[in-house]
Amino acid sequence: MWDPGRRLEEHAAVYETAHGRHPYTDAWPWAEAIVSWRARHAGRTWRPVPEAGEGDRELVVAGVAECIRLEMAPAHAMGRRLGDLGLDHLQHNAVLWVAGLRGPADPEFPDPEPGDPQWPAPTGPYAQQWHALMATVPGYTPVAKSVIEILAALAQYGCERPHVPAGVGARRLREHGVDSVSLAEVAPSLGMSPAPVAVGSSRWYEGVTGLRVLETAV
């Protein structure tokens, strides 16, 4: 995880100004919903999710929330809305970050440590859980494996387009250039809708059943 432009720090400041809380705080309920969703579907034949171990569920939730937080902060400070986050990108973050697979070491650009300016700790009610998680990584630990497999299962489930009628996906790709399955599209399955889901454009989600969206600037 390398953030020379300190985009995580910049995005957090913009997000807190707009919403009054750190993005990790808003990522947490989604992470809880994702982990609970996977537990309800433990019998499905997606890639198996390893047991995280007794008492470690909260660390798994913290890891999923961190993958969401990282994906919310792209190269520009306005960031991506929660609902627009691509499921495949969340899975990619899990592999790159949670497992500690950050590529070859570069003495000129060393990997930041958790809490550094390039990898700032979140503030808010779940900061303690974040610090507890960081004490377990990097490394391919049971918690890390659970985070990776849960997000992989969600990405594969999203490819089934459970709430998108036939033809809507092709229209979205043709008219809006949206070709990845987003978090908003599986929100009904996660129990995160009918509460409005923050997105960049409501047009991208026309035709998604059981979903209410709210356009936000940040």
Peer 1: With a 3.5 Å distance limit and no angle check, can you tell me whether S193 reaches the backbone of A187 through a side-chain donor-acceptor pair?
Peer 2: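 No, the answer is negative, given that no donor and acceptor are paired below the 3.5 Å cut-off.
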
Peer 1: Could you tell me if S201 and R81 have a donor-acceptor pair between their side chains, going purely by distance under 3.5 Å?
Peer 2: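 R81 vs S201: no donor-acceptor pair found between side chains.
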
Peer 1: Would you say that H19 contacts T25 through its side chain, given a criterion of any heavy-atom pair below 4.5 Å between the two side chains?
Peer 2: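 Side chain of H19 against side chain of T25, heavy atoms only: no contact under 4.5 Å found.
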
Peer 1: Rounded at 0.5 Å granularity, tell me how far CG in L87 sits from CD in Q156.
Peer 2: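 Here the interatomic distance stands at 11.0 Å.
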
Peer 1: Identify the heavy atoms of V197 and G83 that sit nearest to each other, and give their distance.
Peer 2: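 Here V197 and G83 meet closest at CG1-CA, 3.6 Å.
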
Peer 1: According to the interplanar angle, ranging from 0 to 90°, do the rings of W28 and Y126 count as parallel (below 30°), tilted (30 to 60°) or perpendicular (above 60°)?
Peer 2: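 Rings of W28 and Y126: parallel, under 30°.
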
Peer 1: For the residue pair P188 and A184, what are the closest heavy atoms and their distance?
Peer 2: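 Heavy atoms of P188 and A184 come nearest at CD-O, 3.7 Å.
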
Peer 1: For the residue pair L190 and I34, establish whether any side-chain heavy-atom pair is separated by less than 4.5 Å.
Peer 2: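 Of all side-chain heavy-atom pairs linking I34 with L190, at least one is under 4.5 Å.
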
Peer 1: Please work out whether the ring planes of W37 and H41 are parallel, tilted or perpendicular, with thresholds of 30° and 60°.
Peer 2: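 Tilted.
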
Peer 1: I need the minimum non-hydrogen distance between P165 and T209, along with the two atoms involved.
Peer 2: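 Where P165 meets T209 most closely, the heavy atoms are CG-CG2, 4.3 Å.
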
Peer 1: Side-chain contact, heavy-atom cut-off 4.5 Å: D26 with Y15?
Peer 2: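 Yes. Closest side-chain heavy atoms under 4.5 Å.
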
Peer 1: To the closest 0.5 Å, what do you measure between CG (L183) and CZ (R80)?
Peer 2: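 That separation rounds to 13.0 Å.
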
Peer 1: Which heavy atom of V186 sits nearest to which heavy atom of H163, and what is that distance?
Peer 2: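 The answer is CA-CD2, 4.4 Å.
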
Peer 1: Rounded to the nearest 0.5 Å, what separates atom SG in C159 from atom CD in E185?
Peer 2: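 Reported to 0.5 Å precision, the distance equals 10.0 Å.
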
Peer 1: Between W204 and V199, is the side-chain contact (heavy atoms from CB on, under 4.5 Å) condition met? List the steps.
Peer 2: CA-CA 9 Å; W204 296 350; V199 299; 5.9 Å; no

Peer 1: Are there over 12 heavy-atom neighbours, none belonging to E215, within less than 6.0 Å of that residue's CD?
Peer 2: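 Counting neighbours around CD of E215, more than 12 heavy atoms of other residues, nucleotides or ligands fall under 6.0 Å, so yes.
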
Peer 1: Restricting to non-hydrogen atoms, name the atom on P122 and the atom on W130 that form the minimum distance, rounded to 0.1 Å.
Peer 2: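 Looking at all heavy atoms of both residues, the closest pair is CD-CD2, 3.2 Å.
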
Peer 1: When you measure from the side chain of T136 to the backbone of L133, do you find a donor-acceptor pair of N or O atoms at a distance under 3.5 Å?
Peer 2: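 The answer is yes, because a donor-acceptor pair under 3.5 Å joins these two groups.
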
Peer 1: Answer yes or no: is there a donor N or O on one side and an acceptor on the other, between the side chain of H22 and the main chain of Y24, under 3.5 Å?
Peer 2: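 It does hold such a pair.
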
Peer 1: Begin with the C-alpha distance, continue with both residues' side-chain angles, and end with the deciding distance and a verdict on side-chain contact (heavy atoms from CB on, under 4.5 Å) for M134 and H131.
Peer 2: CA-CA 5 Å; M134 290 304 165; H131 285 285; 5.6 Å; no

Peer 1: Can you measure from CD1 (I148) to CG (L90) and round to the nearest 0.5 angstrom?
Peer 2: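 Answer for the CD1-CG pair, I148 versus L90, is 13.0 Å.
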
Peer 1: The test is side-chain contact (heavy atoms from CB on, under 4.5 Å); show your working for L82 and M72 and say whether it passes.
Peer 2: CA-CA 7 Å; L82 268 164; M72 291 172 71; 3.8 Å; yes

Peer 1: With rounding to the nearest 0.5 angstrom, report the NE2 to SG distance, H92 to C67.
Peer 2: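 Result: 11.0 Å between the selected atoms.
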
Peer 1: Run the numbers on R69 and E66 for salt bridge (charged side-chain N to carboxylate O under 4.0 Å, His left out), then give the verdict.
Peer 2: CA-CA 5 Å; R69 189 263 285 241; E66 180 67 351; 3.0 Å; yes

Peer 1: Taking all heavy atoms of P120 and all of E9, pick out the closest pair and write down the distance.
Peer 2: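 In this case the closest contact between P120 and E9 is CG-N, 4.0 Å.
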
Peer 1: Determine, step by step, whether R57 and E32 satisfy the side-chain contact (heavy atoms from CB on, under 4.5 Å) criterion, reporting the C-alpha distance in whole Å, the side-chain angles of both residues, the deciding distance to 0.1 Å, and the verdict.
Peer 2: CA-CA 9 Å; R57 182 186 185 278; E32 281 273 13; 2.9 Å; yes

Peer 1: Going from CE on M192 to CG on L211, what distance comes out if it is rounded to the nearest 0.5 angstrom?
Peer 2: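 If I round to the nearest 0.5 Å, the distance is 11.5 Å.
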
